[in-house]
Number of protein chains: 2
Amino acid sequence: MTPEALQVLLVEDEPQMRRFLRVALEGGGYRYLEAASGREGLALAVQHRPDVILLDLGLPDMDGLDLMTRLREWSRTPVIVISARGRETDKIGALDVGADDYLTKPFGTGELLARIRVALRHADPGAVEDPLFTLGRWRVDLARRQVLVAGQEVHLTPLEYRLFTTLIRHAGRVVTHRQLLKEVWGGVAGAQPLYLRVYMAQLRHKLEEDPSRPRYLQTEPGVGYRLRTED
Amino acid sequence: MTPEALQVLLVEDEPQMRRFLRVALEGGGYRYLEAASGREGLALAVQHRPDVILLDLGLPDMDGLDLMTRLREWSRTPVIVISARGRETDKIGALDVGADDYLTKPFGTGELLARIRVALRHADPGAVEDPLFTLGRWRVDLARRQVLVAGQEVHLTPLEYRLFTTLIRHAGRVVTHRQLLKEVWGGVAGAQPLYLRVYMAQLRHKLEEDPSRPRYLQTEPGVGYRLRTED
DNA sequence: GAACGGCGTTAAGAAGGCGTTAGGAATCCA
DNA sequence: TGGATTCCTAACGCCTTCTTAACGCCGTTC
């Protein structure tokens, strides 16, 4: 196996399925990497940056869709879902949170390999996988969930981090109160604009040089907030 | 249906299937284009440059794989194959000559639409630039909710912004007092023409070079206001 | 030439949105 | 089970924004 061989990460808890796929993938000329749980899968994705990810939705420790969402926060690596669930809503849900294909068990190895080739074809050739967002003295490593301000690591709570990355994802444009509440608090009933005020204040204190005169985390009165990018 | 709606080309010889898919696609908000033969399909693809192509492999006049090959000589438009043939070799063949996905009949419309969304997502990873409205030294990015005058960002309050964008939307044409009040103040009782005078003055101060002699934000006495476009 | 109506301008009060702080509840981890 | 972290909630004061009124300018009309 040459070191240039493309690498496939398989996230699957059933040992039998892992064995089967390992043979198929190595037979197809790919380097092979496996994880038996969602947590391990995410870690390996961060560590090895595989070229394709095969993901079983029925994992023991976390929901497959959550894993997709977490992954898509920083990576556009093609994901092919392989699942025993053939219900249409499962497929739609997975595809809409960022999966690139959905294969229902059982399937043939030939088709799997062909769909992997399609996924590789789609992978943005020019785009160097760069999960780094930088702005002023800030450096955010989306893959490691690490935020540095002037080289110093700053700890953000889960909600602070989600609010921050939501603004990053829409950098430069206004994000409305409604949209922020939906994306950060997940459409939970009772999410109030008051939350945003509190958490924006906390973010400013942790990230801005002069929290009372924010340079990047800007308020758009009556509308929402915006992460200002300099141009 | 807005003229910006994405367009789907369906190449399918069975009338019954065409009817079914037409309903599904138009229900999904796409513009719809159909061809009953491979020859016609290629011609329409050249002519209309659809955003996605749905291709049935079982065509009367030419083999679906040949069509794929011919198409890929000049176009990378995403192609989703829909076929009654579920044999693995068919799938592999289609995917390897350039198809982006392969759906076996019968399938649900929800899944089809989800796979179309995936195909569209793949189509342009190169970020699309925001549509800009420019006029003189003004540059308005509606998506970012940002207004630049001579390169300098200018802050507008919610009402100012709504008034301004309403005029932009009808650029060049007169917008009556009544219409402006309705679109900006939302039909709230008590909205007076006085409001317009106040807010037009504020807009002129923020945007015009000589607010007392406005170049673009013009008054149409007794009727309304107009955003003058030059030419 | 004086009265009138439409418009622009300015300013001030009112209303609502926003930032800030802190304390208690809930959750997580050891 | 205990401690620490994180989240929710309320209270308060400030600041932006909206509304409203007053006044001056200009052109038209009688």
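A, B, ... follow the sequence lines: proteins, then strands. Residue 1 opens every chain.
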Would you say a side-chain N or O of [X] is under 4.0 Å from OP1 or OP2 of [N]?
| X | N | result |
| --- | --- | --- |
| B:Tyr195 | D:dT19 | no |
| B:Tyr199 | D:dT17 | no |
| B:Trp185 | D:dT19 | yes |

Between CG on residue A:Leu65 and CG on residue A:Leu55, distance to nearest 0.5 Å | 8.5 Å

First locate atom CG of B:Leu33, then atom CD of B:Gln7, and finally report the distance between them rounded to the nearest 0.5 Å.
-> 5.0 Å

Lys/Arg N to Asp/Glu carboxylate O, A:Glu12 vs A:Arg18, below 4.0 Å = no

Taking atom [atom2] of [N] as reference, at what distance in whole Å does atom [atom1] of [X] sit?
| X | N | atom1 | atom2 | answer |
| --- | --- | --- | --- | --- |
| B:Met200 | C:dT10 | CE | P | 15 Å |
| B:Leu181 | D:dT19 | CG | P | 11 Å |
| B:Arg204 | C:dT10 | CZ | P | 13 Å |
| A:His177 | C:dG17 | NE2 | P | 10 Å |
| B:Gln202 | D:dT17 | CD | P | 10 Å |
| B:Leu196 | C:dT9 | CG | C1' | 15 Å |
| A:Leu203 | C:dT20 | CG | P | 12 Å |
| A:Gln192 | D:dA11 | CD | P | 13 Å |

Of the nucleotides D:dC7, D:dA10, C:dG8, which one has an atom closest to the side chain of B:Arg197?
-> C:dG8

Per the under-4.0 Å heavy-atom filter, residues of residues 205-226 of chain A near DNA chain D come out as A:Pro221

With a 4.0 Å heavy-atom cut-off, tell me which residues in residues 153-162 of chain B come close to DNA chain D, sorted by residue number.
-> B:His155, B:Thr157, B:Pro158, B:Leu159

Just by distance, with hydrogens left out, do A:Glu34 and A:Tyr32 show a side-chain donor and acceptor under 3.5 Å apart?
-> yes

Tell me yes or no: between the side chains of B:His122 and B:Asp100, is some donor less than 3.5 Å from an acceptor?
-> no

Verify the neighbour count for atom CD of B:Glu209: are there more than 12 heavy atoms of other residues, nucleotides or ligands below 6.0 Å?
-> no

A:Arg144 atom CZ, over 12 foreign heavy atoms within 6.0 Å = no

Verify the ring-centre separation between A:Trp74 and A:Phe133: is it less than 6.0 angstrom?
-> no

Whether B:Thr165 side chain and B:Arg162 backbone form a donor-acceptor pair below 3.5 Å = yes

